[in-house]
Amino acid sequence: MPPSLRLRTARAADLPALLALEQTFPGDRMSARQFRHHLASPRARWRVAEADGRLLGYALVLLRRGSDRARLYSIAVDPAARGQGLGRRLLAAAEKDAVRAGCTAMTLEVRQDNPTANALYQSAGYRRLAALPAYYEDGAPGWRYIK
């Protein structure tokens, strides 16, 4: 990790960099409109990882009114920054944000064919809650996890 790495809340000016990070996903990408909506939402909690003025990753947690469960909606790490623990740091920050918002659990969905992400969530204490057949736009199945 670069020594200048810091985690902060996302802001509207981050939109172009967030969209660029989103392109690392093979499909099921958020649109600019969705990003703008979540950036403005009081029910969204954002963490971005920034080093030397460049966004290296983000985590987006959504809160539901009347629920003590948060949902990790999306997490992405720049391919050049992978394998250095950044995903784990973003996940931990997202969990702390959810706890600060009064949540006692967090759920997430992940592709079954993403062994790196599945290993991260399991090592962070998440357990599989349900299989999600044909969950993704390309028909790939997913898992729902909870912690």
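Keep in mind that what you see is a predicted model, and the values were worked out from it rather than measured.
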Worksheet entry | Within-4.5 Å side-chain heavy-atom neighbours: V110 and N118 | yes
Worksheet item: Under 3.5 Å, is there a donor-acceptor pair between the side chain of K147 and the main chain of T107?
Response: no
Discussion item. With heavy-atom distances below 4.5 Å as the criterion, would you say the side chains of L39 and R11 are in contact?
Written reply: no
Worksheet item: Side-chain contact, heavy-atom cut-off 4.5 Å: R88 with L120?
Response: yes
Discussion item. Can you tell me how the ring of Y121 sits relative to the ring of Y145, calling it parallel under 30°, perpendicular over 60° and tilted otherwise?
Written reply: tilted
Practice prompt. For residues A59 and L72, report the shortest heavy-atom separation together with the two atoms involved.
Written response: CB-CD1, 4.3 Å
Worksheet item: Should I75 and V99 be regarded as members of a common hydrophobic cluster, given that ILVMFWY residues are connected when their side-chain heavy atoms come within less than 4.5 Å of each other, either directly or indirectly?
Response: no
Worksheet item: Is it the case that R111 places NZ or CZ above or below the six-membered ring of Y135, under 6.0 angstrom from the centre and within 45 degrees of the axis?
Response: no
Worksheet entry | Close side-chain approach of L60 and M30, heavy atoms under 4.5 Å | yes
Item to complete: Check the side chains of E22 and Y58 for a donor-acceptor pair under 3.5 angstrom, ignoring hydrogens and angles.
Response: yes
Worksheet, complete the sentence: When every non-hydrogen atom of L90 is compared with those of A76, the smallest separation belongs to CD1-O, 4.1 Å
Worksheet item: Under 4.5 Å between any side-chain heavy atoms of R144 and L108, yes or no?
Response: no
Worksheet item: Looking at CD of Q23 and CG of L18, how far apart are the two atoms once the value is rounded to the nearest 0.5 Å?
Response: 12.0 Å
Item to complete: Treat each ILVMFWY residue as a node, draw an edge where side-chain heavy atoms are under 4.5 Å apart, and state whether Y73 and V48 are in one component.
Response: yes
Item to complete: Quick one: do Q122 and R128 satisfy side-chain contact (heavy atoms from CB on, under 4.5 Å)? Show the steps, please.
Response: CA-CA 8 Å; Q122 290 173 18; R128 285 185 189 155; 3.3 Å; yes
Worksheet item: If you draw a 6.0 Å radius around CZ in R100, do more than 12 non-hydrogen atoms from other residues or ligands fall strictly inside?
Response: yes
Response to the item:
What one should report as the nearest heavy-atom pair of L132 and Q112 is N-NE2, 4.4 Å
Worksheet item: Do D14 side-chain atoms and A17 backbone N/O form a donor-acceptor pair below 3.5 Å?
Response: no
Worksheet entry | Over all atoms of both residues, closest heavy-atom pair of T24 and V77 | OG1-O, 4.4 Å
Worksheet item: If you look only at pairs with a residue in residues 34-46, which of them pass as a side-chain hydrogen bond (donor to acceptor under 3.5 Å, both in side chains), with sequence neighbours excluded?
Response: S31-Q34
Item to complete: Might you point out which heavy atoms bring G142 and Y136 nearest each other, and give the distance in Å?
Response: CA-CE1, 3.9 Å
Discussion item. If I take atom CG from residue L62 and atom CE from residue M106, how far apart are they, to the nearest 0.5 angstrom?
Written reply: 10.5 Å
Discussion item. Is there a path of hydrophobic side-chain contacts, each under 4.5 Å between heavy atoms, that joins L129 and Y126?
Written reply: no
Practice prompt. Answer whether the closest heavy-atom distance between the side chains of V61 and R71 falls below 4.5 Å.
Written response: no
Worksheet item: Distance from L86 atom CG to D78 atom CG, nearest 0.5 Å?
Response: 9.0 Å
Fill in: Heavy-atom pair of closest approach, residues C103 and R69
SG-C, 4.1 Å
